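Predicted, not measured: the structure shown is a model, and the values here were computed from it. Residue numbering restarts at 1 for every chain, and letters A, B, ... go by the order of the sequence lines.
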Amino acid sequence: MFGFHYRLERKAIGLVLAIIGVASIGGIVEIAPLFTIHQTVEDAPDMRVYTPLELAGRNIYIREGCYACHSQMIRTLRDEVERYGPYSLAVESKYDHPMLWGSKRTGPDLARIGNKYSDEWQVEHLNNPRDVVPESVMPAYTWLLRTKLRTDDLSNHLRAQRTVGVPYTDDMIANAAADAYGQAAPDSPQADGVVTRYGKATTVRPFDGRPDELTEMDALVAYLQILGRLTDAAHKPIASAEK
Amino acid sequence: MIAELTTNERQTALVILLALAVTGLAMAIAGQGDPFGVHGALVMVVAIAGVFTVISGYYAPEPSDSRLDSYYDTPTKFGIVVAMIWAVIAMFVGDWVAWLLAYPNLTFDAAWSSFGRLRPVHTSGVIFGFGGNALIATSFYVMQRTSRARLPDQLSPWFVLLGYNLFCIVAATGYLMGVTQSKEYAEPEWYADIWLVIVWVAYFVLYLRTLARRKEPHIYVANWYYLAFILVVAMLHIVNNLAVPISWGSAKSYSLFSGVQDAMTEWWYGHNAVAFFLTSGFLGMLYYYMPKRAGRPIYSYRMSIISFWGITFFYMWAGSHHLHYTALPQWVQSLGMTFSVMLLIPSWVSAGNALMTLNGAWNKVRDDAVLRFMMVAAVFYGLTTFEGSFMAIRPVNSLSHYTDWTVGHVHAGALGWVAMITFGAIYASVPWLWKRETMYSPRLVEVHFWLALAGTVIYVFAMWNSGIIQGLMWRTYNESGTLAYSFVDSLVAMHPYYIARAVGGVFFLLGTAIGLYNIWMTIRTAPRAASELAADRPVLAGAPALQAGE
C-alpha cells in the first residue's frame, strides 16, 4: 500500500484522479438515491404551491436571513412535537427551492407558525419585536411596512420556479402580479382570481391592515401565515403510523 | 506589480480587464433597478481601474530573465496582507452581530445593518476573505518551495488572487443589499458563483502547471492537501450551486433542488466546506510551516498517507449528520453518523502526526509564539474533531442541534484551529518573504497569541454553557408531564453567555488587529536581514532534476 503510494505521489494527474474518485463516492451513495427512491418524499395530493405573494414573502425571508435564526424543521422528538406541532415531513418542503430547514434556533422553529398568531401580531412583531415580546432579541424590520413590494418581475419568478419543477400553470405565471395584489386586497377585482387559481382555502386578507397598498410586510406575513399549511399530510394518521 | 509582468502578460491582462469591464457594463444595463445592476457597475469600475493600472505601468521595462532565478512571491505578499485586512473587517462584523444578540438595538435603523444581512458578511468574510486568501497565498509559497520551481508565469497568480477577491467583495456587498441564496456558506448568487468557477479553474491549472515544472520527483504532502482543497471545493461548489436565475438581469435564482434533496446536497456541501476548505487546505499549511518552523521533519510519512486518504474519503459521507431526526431518510442519517465517528481516526492521526513532529522542539514551542500558534492549532484541531464526531452521534445531536453548542464547536475549529494555524503560518512567512530578521515586534506576537487563546477559550466555554442549557431547557418536563420552559425562558437564560461570547470576540479581534499592525510595521520599518537566504530559490531549468532518495 505504501509502496503504491510512493509511486502515486510522483504523478500529479494520478493524484488528481485518485482524489476525485475517492471524494466522489460518499456523495453519490448518499444523494443520488434520494432522487430515485420513491418513499423519500411522501405523497400529498392536496398540496398546493405558494401564491405569488407568499413566494415574494419567502424571498424576503431569505433576503433578510431569517433562516439563520429560525428553523423550519420539527424533528421526530417528543418535546419538539409538543412544542411546535407534528414533526415535519419531506413532502412539506417539496416546493421549497431552496429548502429553509435551518440549522440554528436563536428563535423558535417556524415550520408550523401559520395561523398561530394574528396578522396584527405578526405585523407588530416584525416592526418591532420588543413591542410584543419584551425579552426578544430579534431585529426590528421597520422598513417592511414602508417598502412597496416589487411585483413587476413576479412572472419571471414563477417561470423560473416552473423550470426547476414547481407546477405553476401558464395562467398563474401570466397573472402573478395581479394575484399578488389581489391576495392582500380582498375587495379588489383581482382577489377572485387568486382563489380561482390557488384554491378556496387561500387566505385573502389585507395582511398589514392596509388593503390599498401592497408592501413587503404584506408578503412576509402572507408567507408566515401559510407555513405548515400547504398540505395536511403531517396531521393525518398515516404520518404518525410510520414511526 | 505591473513592472513584474512581461509585455505579453500586460497585453493579456488588458484583454481580460476589458472583457470584464464589458461584462460589468452589460450587467449594469441588464440589471437596472436590481442589485444585479449595482454589481455590474462595481465590476465595471474595478475592471476600469485595473485597465488604468496596467496602462500606467505598460511602458515600464520588461522584467529581466534573472527573475527566473527566484520564486515569485509578490502575489503571496499581497494575499497575506489582504487576508489580514479581511480578518479584521470580518471579525469586527462578527463581534458586532454577537453584541446584537445581547443588545438587539445596537444597530442602525437600516436594512443593511440588521443581523440577518450582517451575519453572512461575517461568515463569508472570515471563511472566504480571511481563510481563502490565506490559503491561496500560502499555497503559492508552498508549492514553489516544495516543487523547487518558480510559478510558470506572472499573470495567472494575480488573476487567481484578484479574481478571488472580486468574488469576495461581490459576495459581501451582495449580502448587505439582500442578495443571498440562503444556502449556508454558499450564499453568493449565481453570477458570483460562475465567476468563482472561472477563477477556480485558473487556480487549478496554475497549480498543475507548477507541479509539472517541479524538480522534486515526489509531490510533498502539503500539496496533496492543497490539491484536495482545490478539487473538492470545485466539486461541491458546482453541484450545490446549480440554480436557475429568474432572468439575465436579476440577481435572484432558484436552486435546482428542493426540500429533502436540497437539504442533503446543502449539508454535503456545508460539511465538506468545513472539510476541504477549513481542514484540508489548512492541513496543507500545517504540513509545510510547522516542520519548517520547528526545524523537525514530519514525524511519520505513513501517518500522513493514512490521514490524507481517510479524510478525503470519510468526510464526504459525514454531511447528513446535520440532519438527524429530520425528514431525511434514516438510512442516510445512520451512514452520516457512522462515517462521522470513523472520521475521528484520520483526524487524530493528523493531529498526532503534527504534535509528534514537535518532539525534540518543545523548547522552541515554549520560547517561540509563532510555533506555539501552530502547536495550539494542532491541539484545537484534535479537540474539535473529537467534539465533531461526538456531536454527530444521533442522541447527542438531539441535544446539541439547533443550539449554541454548534456555534461553539464551529468557533473552536475556526478560531482555535483555522485562525491559529494561519497566524502561525503568516508570522513565519512574513520575515521570510520580506527578507527580515524577525517580525517588527516578537513581543506583540506574544500578546496576539495570548489574546487569541483567551478569546477562543472564553468564546467556546460561553457557547458550551449556553448551548447545553438551551438544549436541556427545551426538553425539560415538569411533574405534570408538560414542557417546563417556554422558548423565551431559554432565550433569557442565554443573555449572560451572549455577553461573554461577545467579550471573547473582542479579545480575538484585538489580537488580529495587533497582528495586522505588526505585519504592516515589519514591512514598513524593520531592517533587511544581513544575508539573503541562499537556498531559498528554485532549481534552474538547466540543472539536473533531483532523484528520489537524495
Between [X] and chain A, which part of the residue has a heavy atom less than 4.5 Å away: side chain, backbone, both or neither?
X	value
T406(B)	neither
R119(B)	side chain
W331(B)	side chain

Partner chain B: residue of [options] with the largest heavy-atom pair count (under 4.5 Å):
options	value
L77(A), I37(A), V133(A), L144(A)	L77(A)
P139(A), S88(A), S71(A), S136(A)	S71(A)
N59(A), T142(A), L100(A), T40(A)	N59(A)
M99(A), R105(A), Q161(A)	R105(A)
T163(A), I20(A), V29(A)	V29(A)
H157(A), R7(A), R159(A)	H157(A)

For the residue pair [X] and [Y], establish whether any side-chain heavy-atom pair is separated by less than 4.5 Å.
X	Y	answer
Y254(B)	V166(A)	no
S182(B)	P98(A)	yes
S103(A)	H322(B)	no
L34(A)	L328(B)	yes
M494(B)	V137(A)	no
R150(A)	D34(B)	yes

Legend entry - Atom pair CD (E64(A)) and OG1 (T180(B)), whose distance is rounded to the nearest 0.5 Å: 10.5 Å
Inset, instruction - Would you please say whether a donor-acceptor pair under 3.5 Å links the side chains of R78(A) and Y477(B)? - result: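 A donor-acceptor contact under 3.5 Å links the two side chains.
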Legend entry - Exercise: do Y402(B) and E80(A) side chains pair donor with acceptor under 3.5 Å: no
Inset, instruction - Measure centre to centre between the rings of F2(A) and Y301(B), then say whether the value is under 6.0 Å. - result: no
Main chain of [Y], side chain of [X]: is a donor-acceptor contact present, judged purely on distance under 3.5 Å?
X	Y	result
H97(A)	F257(B)	yes
S258(B)	K94(A)	yes
R83(A)	W474(B)	yes

Inset, instruction - Determine, step by step, whether N397(B) and R75(A) satisfy the side chain to side chain contact (heavy atoms under 4.5 Å, CB included) criterion, reporting the C-alpha distance in whole Å, the side-chain angles of both residues, the deciding distance to 0.1 Å, and the verdict. - result: CA-CA 11 Å; N397(B) 195 267; R75(A) 296 181 294 172; 4.2 Å; yes
Legend entry - Residue pair V41(A), Q261(B): steps toward the side chain to side chain contact (heavy atoms under 4.5 Å, CB included) verdict: CA-CA 9 Å; V41(A) 180; Q261(B) 293 92 356; 4.1 Å; yes
Legend entry - Which portion of S24(A) sits near chain B, non-hydrogen atoms under 4.5 angstrom: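 Both parts, heavy atoms under 4.5 Å.
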